[in-house]
Protein chains: 2
Amino acid sequence: MDNYNLLQENIRKRIEVTDDEMSYFIFLLQQKKYTRKQIILREGEISHSFTFIVSGCIKSYLIDKKGEEHILTIAPSDWWITDINSFVSGTPGNLFMEAIEPTTTLLLSREKQELLLAKLPKFEKYFRILTEKAFAVSQQRIIDYMSLTALERLEKFAASYPSAIHSLTQQQIASYIGVTPSFFSRMIKGKNIF
Amino acid sequence: MDNYNLLQENIRKRIEVTDDEMSYFIFLLQQKKYTRKQIILREGEISHSFTFIVSGCIKSYLIDKKGEEHILTIAPSDWWITDINSFVSGTPGNLFMEAIEPTTTLLLSREKQELLLAKLPKFEKYFRILTEKAFAVSQQRIIDYMSLTALERLEKFAASYPSAIHSLTQQQIASYIGVTPSFFSRMIKGKNIF
DNA sequence: TTTGAAAAATGACCTAGGTCAACTGAGATG
DNA sequence: CATCTCAGTTGACCTAGGTCATTTTTCAAA
C-alpha cells in the first residue's frame, strides 16, 4: 500500500476526497515496474493511459527525420506523464517513453479514467488542475526557447530540476534544452555548473 | 444574444448542458470589445480571466530583455485565450495581450469561473478538455521547435492557420515561428507561399 | 490625391550553435 | 586484470539564422 501514499498526497493537495473515493481511484490503477532503459511506449503506438511515477524517472522523446533524439519531458517521481497528443485524440503518437532508471508507476487507462470521472466527477477538477499546470509549464518552455540562449535555458533547467541534474547524463540534458552534446560540452566548460 | 451562439456551440460540442445551465454560464460572462492594436493585458499584470474570442483576433506575446517581441499565441474567433501561468498561479504574468483587429470577446473571470464550477461541476469537464487540447498544441509546438527548420515551421503554420496567414503581417508570423522579419523575408523569397 | 508611417526587401557582415571525426576516460562485463 | 562500450571532450570547419543600416513598397488617413 505504501506505493499509493505519494499519489494520495498528490491528490489531497488539490481536491478533497473521502477514503472511499480514494479507494475507488486506487482500485482502478494498475501498478507497473520498469527496468532502466526499458521502453514503455513507441512512436506510432497509441498512448492509452496516464502514468504516475511512484519512484524512478521516465523521459518522453521523439526521433526526428535525421534520427536525432529530442527529449520533451523528464518526469521524476510524483509526476504524471503521457503522450497528451495521442491520449486526447486516441490516435498514434510520435513519442517514445523510456524509463531512465528502475521505475515504479501507477497506470490509469483512458477507460478507467472515464469510469472514474463518471462515478466521481470531483476528479475532473483534479485532472483539470494537473493539465492546467502542465500547460503552464509547456508554455513557459516555448517562451524560454524563443527568448533565451542555450546557456540560460541550462541554468533554468538546473534550477528547476536540481536533483535530476546529477542522475541524468549530459547528453540527456543537452537534448532537453535543445543543443547537441558536443556544443553542450563546450558551453559548460569553465562554468562550474556541475 | 447572437454573440453567444458561437460559444454555446463550442460548449455543446464538448459537454451536454441544459438551457438553464447554459444561461447561467452566459450570465457570468462579461462582453468586451477592443479596437485594433488595443492592449488588453500588460506584462506584470495578473491575468484574472479567460477570454473567449467571438470575432476578431488576439495575440499574446512577451518582450524579451533585448526588447524583441515574441508571439506565443494567436487566437482567432472561437478560441479561448489567457496567460495561463498568471491565471493558475494568481501572480503577475510576463505576457502582453493585444487585439490585432477589432475584436469582440466574452470574459470569464477567475471568481466567476469558481462560482460556475461550484454550482455546475460538469463545466469542469469542459475546461479540462479545453486545457488538454491547449496542452497538446503547446507540446507539439515544442516538438516543432526542436526538430523542424524555420521553413518547415512556417509551412505547418500556414497549414494550421490558413486564414490568419492573410490577416497577419509577415512580422507577426515571423515572430510566431521564431525568426526575425528580415530572415523571414529572405526565407520566403522564391517559394510561393503567399 | 498626397503623404507619412509602418511593412517588407535587401546588402554586407556576424555568430550561436551544428557537424563530423578523432581522442580520452571511466564504469560495466568477461 | 583486461577489454569494451559509451559518455564526454576537443579540433577544424560549417551553416542557419541574426544584425543593422538602407532602400523600396504598401496602405491608411487626411
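Protein chains get the first letters and strands the later ones, always in sequence-line order, with residue 1 at the start of each.
When rounded to the nearest whole Å, the span between CG of B:Leu151 and P of D:dG18 equals 13 Å. Atom CD in A:Glu68 sits roughly 17 Å away from atom P in C:dG17 (whole-Å rounding). Look at CE on A:Met146: it is 16 Å from P on D:dG17, rounded to the nearest Å. For B:Tyr145 and C:dG17, the OH to P distance is 14 Å, given to the nearest whole Å. Note: CG (A:Leu154) to P (C:dG17) measures 12 Å, nearest angstrom.
Here the closest non-hydrogen pair linking B:Leu107 and B:Tyr34 is CD1-OH, 4.0 Å.
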### Query
With the sugar-phosphate defined as primed atoms, P, OP1 and OP2, and the base as all remaining atoms, what B/S/- string results for nucleotides 25-30 of chain C, 5' to 3', for protein heavy atoms under 4.0 Å?
------

### Query
Going 5' to 3' along nucleotides 5-11 of chain C, which nucleotides have protein heavy atoms under 4.0 Å from the base (write B), which only from the sugar-phosphate (write S), and which from neither (write -)?
--SSBBB

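The list of side-chain hydrogen bond (donor to acceptor under 3.5 Å, both in side chains) pairs with a residue in residues 93-105 of chain A, not counting sequence neighbours, reads A:Tyr61-A:Glu98. Note on residues 57-68 of chain A: pairs passing salt bridge (Lys or Arg N to Asp or Glu O under 4.0 Å), not counting sequence neighbours, are A:Lys59-A:Glu69, A:Lys65-B:Glu152. Among residues at least two apart or in separate chains, side-chain hydrogen bond (donor to acceptor under 3.5 Å, both in side chains) pairs with a member in residues 36-48 of chain B are B:Thr35-B:Gln38, B:Ser47-B:Thr82.
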Could you list, one pair per line, each protein nitrogen or oxygen that sits under 3.5 Å from a nitrogen or oxygen of nucleotides 28-30 of chain D, together with the distance?
none

What protein N or O atoms touch nucleotides 24-26 of chain D N or O atoms at under 3.5 angstrom, if any, and at what distances?
none

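Residue A:Lys66 places no side-chain N or O under 4.0 Å from the OP1 or OP2 atom of C:dG18.
Under the 3.5 Å distance criterion, the side-chain polar atoms of B:Ser175 are matched with a main-chain donor or acceptor of B:Ile71. Checking side-chain atoms of A:Ser167 against main-chain N and O of A:Ala164 turns up a donor-acceptor pair under 3.5 Å. Under a 3.5 Å cut-off, the side chain of A:Lys32 and the backbone N or O of A:Leu106 do not form any donor-acceptor pair. Listed for the A:Thr73 side chain is no donor-acceptor partner under 3.5 Å among the backbone atoms of A:Ser60.
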Donor-acceptor contacts under 3.5 Å from residues 128-140 of chain B side chains, at least two apart:
| unit_1 | atom_1 | unit_2 | atom_2 | d |
| --- | --- | --- | --- | --- |
| B:Arg128 | NE | A:Glu124 | OE1 | 2.5 |
| B:Arg128 | NH1 | B:Glu132 | OE2 | 2.9 |
| B:Arg128 | NH2 | A:Glu124 | OE1 | 3.3 |
| B:Thr131 | OG1 | B:Phe127 | O | 2.6 |
| B:Ser138 | OG | A:Ser138 | OG | 2.5 |
| B:Ser138 | OG | A:Gln139 | OE1 | 3.2 |
| B:Gln139 | OE1 | A:Ser138 | OG | 3.3 |
| B:Gln140 | NE2 | B:Asp144 | OD1 | 3.1 |

### Message
I'd like to know whether B:Met146 forms a side-chain contact (heavy atoms from CB on, under 4.5 Å) with A:Leu62, so could you lay out the CA-CA distance, the side-chain angles of the two residues, the decisive distance to 0.1 Å, and finally the verdict.
### Response
CA-CA 10 Å; B:Met146 295 197 303; A:Leu62 71 305; 4.1 Å; yes

### Task
Test B:Ile74 against B:Tyr161 for side-chain contact (heavy atoms from CB on, under 4.5 Å), laying out the working first.
CA-CA 9 Å; B:Ile74 290 171; B:Tyr161 293 80; 4.2 Å; yes

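Between the CD1 atom of A:Ile81 and the CG atom of A:Leu41 there is a distance of 9.5 Å, given to the nearest 0.5 Å.
Relative orientation of the A:Tyr126 and A:Phe123 rings is perpendicular, given thresholds of 30° and 60° on the angle between their planes.
Contacts between residues 157-164 of chain A and DNA chain D, defined by a heavy-atom separation below 4.0 Å, involve no residue at all.
Taking A:Asp19 as the reference, A:Arg12 meet the side-chain hydrogen bond (donor to acceptor under 3.5 Å, both in side chains) condition, with sequence neighbours excluded. Remark: A:Thr91 pairs with A:Ser89 by the side-chain hydrogen bond (donor to acceptor under 3.5 Å, both in side chains) rule, at least two apart or across chains. Listed by chain and number, the residues in a side-chain hydrogen bond (donor to acceptor under 3.5 Å, both in side chains) with B:Thr18 are B:Glu21 (sequence neighbours excluded).
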